[in-house]
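Just so we're clear, the structure is a prediction, and the values are computed from it rather than from any experiment. So that the names make sense, note that chain A is the first sequence line, chain B the second, and so on, each numbered from 1. All values below come from the heavy atoms of this structure, side chains included, with hydrogens, waters and symmetry mates left out.
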Number of protein chains: 2
Amino acid sequence: MKMDARKQQVLMAIIMDYISTAEPVGSRTIARKFDLGVSPATIRNEMSDLEELGYIEQPHTSAGRVPSQKGYRYYVDFLMKKKDLSRKEEEIIRKGYVNKVKDVGQVVAQTNSLLSQITNYASMIITPRTDMSALKHMQLVLMNPGQAMVIVVLSTGAIKHNMIEVPEGVNQTDLDTISGVFNARLQGLTIDKIKMGLIKEIYFELSKHKNILDLAVHLLEEGLSMEKEDKIYLGGVFNILNQPEFHNIEKVKTLLSLLDQENLLRNLLERDYKEGGVTVRIGSELNREEVKDCSVVVATYHLDGQPIGKIGVLGPTRMDYAWVVSVVEHMTLNLSDTLEKMFKGWR
Amino acid sequence: MKMDARKQQVLMAIIMDYISTAEPVGSRTIARKFDLGVSPATIRNEMSDLEELGYIEQPHTSAGRVPSQKGYRYYVDFLMKKKDLSRKEEEIIRKGYVNKVKDVGQVVAQTNSLLSQITNYASMIITPRTDMSALKHMQLVLMNPGQAMVIVVLSTGAIKHNMIEVPEGVNQTDLDTISGVFNARLQGLTIDKIKMGLIKEIYFELSKHKNILDLAVHLLEEGLSMEKEDKIYLGGVFNILNQPEFHNIEKVKTLLSLLDQENLLRNLLERDYKEGGVTVRIGSELNREEVKDCSVVVATYHLDGQPIGKIGVLGPTRMDYAWVVSVVEHMTLNLSDTLEKMFKGWR
DNA sequence: GTTAGCACTCTCTTTTGTCGAGTGCTAATT
DNA sequence: AATTAGCACTCGACAAAAGAGAGTGCTAAC
């Protein structure tokens, strides 16, 4: 037995209906709502086949059918058609960016908020990788005898800072000297380049300032390997409480405690997605018991053709994939675009 | 009819029991669990009186009694005894701060996380007010022709930054000149002082650099009135899902959507609390329908005797006030202390 | 290959009945 | 006058029973 055109139609109908009602779908319903030109009985036969093929399943005898994970997968891969955004949504997005484009952090945060607002699911976004961005400025500020702050400004507009120990004797003038050398040497270079090879050159240059040499190297190391490289924004979590599958408190709890752990979240966003395009991960494909009833739609955003971050939506497996995929795609392009504009000539 | 010693005992018993069981408590239960030396019948009479006085209420006939808001208030004001923290908790707190005391932001975030972890309620903390902290360093970095970043380092270790427009012709050297003047003039002064009167002096000094004069003033204004002055950290939200009163999804939803709105949260923390000591706000005292079944325990933390932020716990009205008040008090002192140490000599 | 008809299954909702916790009142006791 | 025992009564919680409805699978007819 194989998938044929009518089975596809029926599967499509089941998924469409289930997505909007969250109730198991029966043969009668399909015959009524979707005009397939056949009677419920025929549809029953097709459904029986689809079940055998594993695309749908029955919660219990005498209930309608529900799409299985395999069914959703088939739908996402072969059946679904992208939907265009409505005027209204385009409007929301455009308005959302006005007055808010001051730096990368803000753009990213705003994108995240818009994404959850529009989709009504939870949204996640991971901030741009810094290792591809260039060093714009670095500054050492003595905060306290023995303590200084390293401040690094990146071409993305991101600012990293870190408190470090310095020998008691060092004063602000020393630090200015070091800052000066660093800036002269490293400005405009990307972080990964700096990390890779330039430490030696600096070493040479600073040999004039023997007394602070070791310190300088130390600074470089500590300053560049700042805490977390990237940050994950999470938004609209309470949107998912509106989904009927989360009327059960226990599920909410397990999900929330997952989302509370940033590394797990990162994993959800970053695991083995192909670069480019929108990727959909359904239920157990996420490899996490806590989200076996959830799906994630992820896309990568770019700058200068380089992938620099991910943007994603988390919702129940019964999510409106066609719609969400379109939104995510749209937002990704929008974001890449906005970033591109921000950086015209910055690099 | 007036409150007397035995009524107090009975009220106390009801509250204690209700706090731990979340079930309406009956006269028998009290007679059994608490040794008041009288029979259930007597207790019933007392309870009847307490109800008339408004300290307790009955969910329905034939159920036990539950403390009313007034009852909790009486308990908090007159009855409760502070509990000391156990060894174990002191331990958690002490360990929590090791390796984490790099700057104010981190300390605050960590305090917040510890607070929710220990109390098992949601915790909130508002970052130190910046207007009392001193300017440590300011730097202008040209990011792009026509765009620069103002970076301000405060004595608290907080860093504020803001992207601003500058005239196309301005180059980094100009910006360095301005930065230099600003630093020479303003370093060590508190933000509110700077805001208040010093703008004129700067104006004078910079008159040598006519061409960038207007810009400089502009910078000062924009740079100092950075986005939000303070940030609110919110932690352990999903702790409250463990409370039986939140087994109802609707309540969770309304609460979460409240917590999602930062200004409301700020309101919860900041409204008219007396400075010093720990304040408890119960149920409708919070003036918000969404949290009429919740209470907030708030304390102010200080630096140099100056109040600079708030720290609070949000839980159901049926929370263990004695315990939470002690923890909050302890954490507040701890935080003030840690900050004090960090700033020894910084100011 | 498709459809109508029908018996059967299973969940969901409503109804009914029972149990028990808890109260309030009264009368007896201290 | 305060306390207590006794008892009738109330009301929610829970379980069992009954009924309704949706949906299926099978068979036989088209």
Distance in angstrom units between [X] [atom1] and [N] [atom2], rounded:
{"X": "B:Ile43", "N": "D:dT4", "atom1": "CD1", "atom2": "P", "answer": "9 Å"}
{"X": "B:His60", "N": "D:dG12", "atom1": "NE2", "atom2": "P", "answer": "5 Å"}
{"X": "A:Arg65", "N": "D:dA22", "atom1": "CZ", "atom2": "P", "answer": "17 Å"}

### Taking every non-hydrogen atom, the tightest pair across B:Ile30 and B:Ala13
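B:Ile30 and B:Ala13 have their closest heavy atoms at CG2-CB, 3.9 Å.
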### Terminal contacting nucleotides, 5' and 3', DNA chain C versus chain A (heavy atom, 4.0 Å)
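So the outermost contacting nucleotides come out as C:dT2 to C:dT11.
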### Query
When rounded to the nearest 0.5 angstrom, what is the spacing between CZ in A:Arg281 and CZ in A:Arg73?
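One finds 6.5 Å between CZ of A:Arg281 and CZ of A:Arg73.
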### Task
Output the distance between atom CE (A:Met331) and atom CG (A:Leu114), rounded to the nearest 0.5 Å.
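A:Met331 atom CE to A:Leu114 atom CG measures 4.5 Å (nearest 0.5 Å).
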### Query
Within the structure, does a side-chain N or O atom of B:Thr61 lie under 4.0 Å from either OP1 or OP2 of D:dC11?
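Answer is yes, contact under 4.0 Å.
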### Query
Is the shortest side-chain N/O distance from B:Thr42 to OP1 or OP2 of D:dT3 below 4.0 Å?
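So the side-chain polar atoms of B:Thr42 never come under 4.0 Å of the phosphate oxygens OP1 or OP2 of D:dT3.
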### Query
Base, sugar-phosphate alone, or nothing: which one does A:Ala41 contact when heavy atoms must sit under 4.0 Å apart?
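Touches a base.
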### Task
Can you spot which of B:Val297, B:Val278, B:Leu85 makes a side-chain contact (heavy atoms from CB on, under 4.5 Å) with B:Ser326?
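That would be B:Leu85; it is the only one of B:Val297, B:Val278, B:Leu85 passing the side-chain contact (heavy atoms from CB on, under 4.5 Å) with B:Ser326.
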### Query
Is there a side-chain contact between A:Thr21 and A:Lys33 (heavy atoms, below 4.5 Å)?
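Yes, at least one pair of side-chain atoms sits under 4.5 Å.
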### Message
For B:Glu90, is there an ion pair with B:Arg87 - N to carboxylate O distance below 4.0 angstrom?
### Response
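No.
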#### Entry: Residues A:Glu91 and A:Lys88 bridged, charged N to O under 4.0 Å
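No, A:Glu91 and A:Lys88 are not salt-bridged.
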#### Entry: Residues within residues 3-34 of chain A bordering DNA chain D, heavy-atom distance below 4.0 Å
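Only A:Gly26, A:Ser27, A:Thr29 qualify.
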### Message
Pick the closest DNA chain D nucleotide for A:Ser48 and for B:Arg44 by heavy atoms, then say which residue is nearer the 5' end.
### Response
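Its nucleotide being nearer the 5' end, the pick is B:Arg44.
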### Task
Say whether B:Glu89 and B:Ser86, considering side chains only, have a donor N or O and an acceptor N or O under 3.5 Å apart.
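Yes, B:Ser86 and B:Glu89 have a side-chain donor paired with an acceptor closer than 3.5 Å.
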